[in-house]
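In the text below, chain A, chain B and the rest are named by the order of the sequence lines, each starting its count at 1.
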Amino acid sequence: MGKMRLVARLVASDLRRRPGPAVLLVLAITAATATLALGLVLHGVTSQPFQQTKAATRGPDVVAQVGGPSLAPHGPVKGTPIIPASVVAAQVRLLTQAPGVTGHSGPYPVASAVLRVRGLAVEVDAEGRDAAPASVDQPAVTSGTWVHPGGVVLERTFAEALGVGVGDKVTLDGRTFRVTGTAVTAAEPPYPNMCYSPGGDCVFDDQVSQNLSLAGDGPGQAWITESAARSLGSSRAPLIYDLNLEVKNPAGAMAFSNRYGCGQRFCGNAPDPDAPSLTPWQYIAQTDGLLVLDEQQVLSPGALLAGLLAVASVAVLAGGRMTEQTRRIGLLKAVGGGPGLVAAVLLTENLVLALVAAVAGLVIGWLAAPAITSPGAGLLGTPGAPSLTPSIVAEVVGVALVVALAATFVPAIRGAWTSTVSALDNEARRPRRHGTLIRLSRRLPVALLFGMRLVARRPRRAALSAASIAVTVTGIVAVLSFHATAALKLHGGSPGLGDPVVQRDEQMLTVLTIVLVALSVLNAICTSWATVLDTRRPAALARALGASPRQVTAGLAAAQVIPAVPGAILGVPLGIGLFTVASHTGKVTVPAAAWIAAVVLLTLVAVAVLAAIPARIGAWRPVTEVLQAETA
Amino acid sequence: MNDAGASVLRARGLRKEYGRGENLVRAVDDVDLDVASGETVAVTGPSGCGKSTLLHLLGGLDRPSGGQLWLAGQRLDQMGERGLARMRRDCVGFVFQAFHLMDELTAVENVELPALLAGRSPRAARRRATALLERVGLGDRARFLPSALSGGQRQRVALARALVSEPAVILADEPTGNLDSQSTLDVLRLFEKLHAAGQTLVIVTHDSRIAATADRLISMRDGAFVDETRLTGGTSGSLGALAGLTGPGEREG
């Protein structure tokens, strides 16, 4: 008990004496744990908004598409014959009278048309609806009014992507409609994910879309009057029918679809190309979660990168603090403290800081999650506060402690076993000799000579710096790759139509890039300070031997830039590789060479600038003060 | 500055103060000094009397609070940091009590470092460093790291490093303070050789035996010169005849 109290008092006094490094340590681990916590709490947060939307719109348990031609993966092949009306009627009868069906609405005619507005041409599924509310699937109007003659109601996400609102005029296959309202529904996934559903009304195939120069990534949803929908049907894009079903056991909607449907997925045991295509509500809910799924796919590697940077920061800080604390260790030992006490003090201190950082990271992640998991315009309600389960808490705290432990263990043990005399002489960390670098440096200008020799003194710190820069550039290049790929995808044919999924991904990547850059800046500052502290003696000696403060400043900065060069270059292929792996599609557009070169150069300039400030302070430290301190 | 031209080092009213008001400490207090070319001056005094501070001022490692200072005809007290660095590089060689060698550099790499900092070619710097190590008797230790050398050998490496730029003056701060008797003797012999070759030396020491080897002995107390004795070639005229500095079986004659 007495020993624990002693450790606690020594830890408290050290934190009071040197709050700066402690704060940096907490910041580094907090950034990493916040990113990790964010990724973990995202799981399942979108189920609530879908249920709220389904309840508010009397959403169907199963959506049937009847009377449609057999569906290819993205709509019917041009020229595919239409199923006769008698077959459609039979399908409707079969489904509405099927055991377990408790209610239905429709069938509603759906016309596939081309919507044109502000120079954009977009595929749209225009569903013909009554002015009177339906008992199943009555879309909730979020602005304006429900359908009436001459008017069109647009699905809210689709309207936002188009940039149109109530009162604007659009054309459907050349006929003018006024936008009377926007609405949300639980019967279809919001734009641009309609085609993800098995019964997705993706009537146009890719060739047709290209011929018409259609923008966007799939159709949008619109509601018009039933007569208007029927009048839009044509031989090019014949009408199909949507039938919304309510079943007694909503949880069994998947089984119901498998039994009666034949869509892209739900064909049952005996595939029948003329059978209706059914979509259970679970599949729509899952598709609604694609937004957050993408965010998770971005955050997971992002948290990994942030974690790596945090480890590098903590390792540099712990190593730097060890240099500072060497003499303190000697004093502790001189007054009777054993290796165990010394190790316990150092480990306790960093673990306490890691614990504080883990709690801060959890709180930040928990608070930030609702902001980045808003359900989007396609759903109603909010995800609410995500739950912090014991497993999430354990995982985040565990990672923080492991990061601190991994970075502190070796220095703590090394410090603990350093001989007392050596520790008092501040000799715990003798510089390393790297003969090749020293020989190479002889031919360089003074600043580079000094910088390269500093790198050679601490190769592990240089490796950490290089790794840190590599991770940062990896993140930035991955973001650039995303933008290059998304730009080609979005703007290859028709610019101007926003993709909410891409926009959300961009927001996430921006946040992630800021986290990575902030961590990297923190890391660069930590490394620079550690280098300046560690090189007080050689810097003072170089000045005594005739180097000017400016040359020493440049040398200290060069010591940061030299390892950053291979790190930045290595980050380029790693970033492209990371995006290739994370995108799952394999379709990656490499960013322009000029952009990549700019990232590498700007990173190196940033490193130099960040290093120059502590380097300048270190270089102007009075020479005699340092040399006399060494003599004392 | 014509007056200064005759001396390698010249100080007038040199002061170094720390703190202010009641806490004012005069580490160097109104010191006047002239060191002629080829002269060896020893500065002695008790610990804390300001010897090292004076040496740092003379070498441009520290800035004076007042007074005037010339080194090799250049006004040091008015120079910027870049000028001071140039003067240290070209005109001054430092020898420290704690040697201050770079631990990760070999003996020859330590010695050539000031020449590289001065912009000499690596080949010329290496040639000069090797020659100097031969001169201090460490030609066979050129590729040894400082940790593999004895204290006396390290100080000889430091002396070779101080000489590499052919400085106008060598400033030695307690050069034998960390050495045993035999190593002290070795180092003093080197100083004697330098003195004989006309090298200007200012040696700060509180060891009266070493001070006795100088041309001139200056005593300091509380930052000021309190006594000055001209010894002309050392008390005995040669090193090693002093009590306690003669090696086993060795007699200077």
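For Glu174(B), no part lies near chain A; criterion is any non-hydrogen pair under 4.5 Å. Looking at Thr106(B), both its backbone and its side chain come within 4.5 Å of chain A, counting heavy atoms on both sides. Interface remark: Arg126(B) contributes backbone and side-chain atoms alike to the contact with chain A (heavy atom separation under 4.5 Å).
The two atoms that bring Arg537(A) and Leu101(B) nearest to each other are NH2-O, 2.8 Å, heavy atoms only. What you find for Phe96(B) and Ala544(A) is that their closest heavy atoms are CZ-CB, 4.3 Å. Contact detail for Leu449(A) and Leu113(B): the closest heavy-atom pair is CD2-CD1, 4.2 Å.
Against chain A, no residue from residues 218-225 of chain B qualifies, as none has a non-hydrogen atom under 4.5 angstrom away. Contact residues of residues 545-552 of chain A toward chain B are Leu545(A), Gly546(A), Ala547(A), Ser548(A), Pro549(A), Arg550(A), Gln551(A) (heavy-atom distance under 4.5 Å). Residues from residues 553-569 of chain A never place a non-hydrogen atom less than 4.5 Å from a non-hydrogen atom of chain B.
With hydrogens and angles disregarded, a donor-acceptor distance shorter than 3.5 Å links the side chain of Arg88(B) to the backbone of Arg543(A).
Scanning for salt bridge (Lys or Arg N to Asp or Glu O under 4.0 Å) contacts around Arg433(A) gives Glu109(B), with sequence neighbours left out.
Partner of Glu104(B) under the side-chain hydrogen bond (donor to acceptor under 3.5 Å, both in side chains) criterion, out of Arg457(A), His434(A), Arg453(A): Arg457(A) alone.
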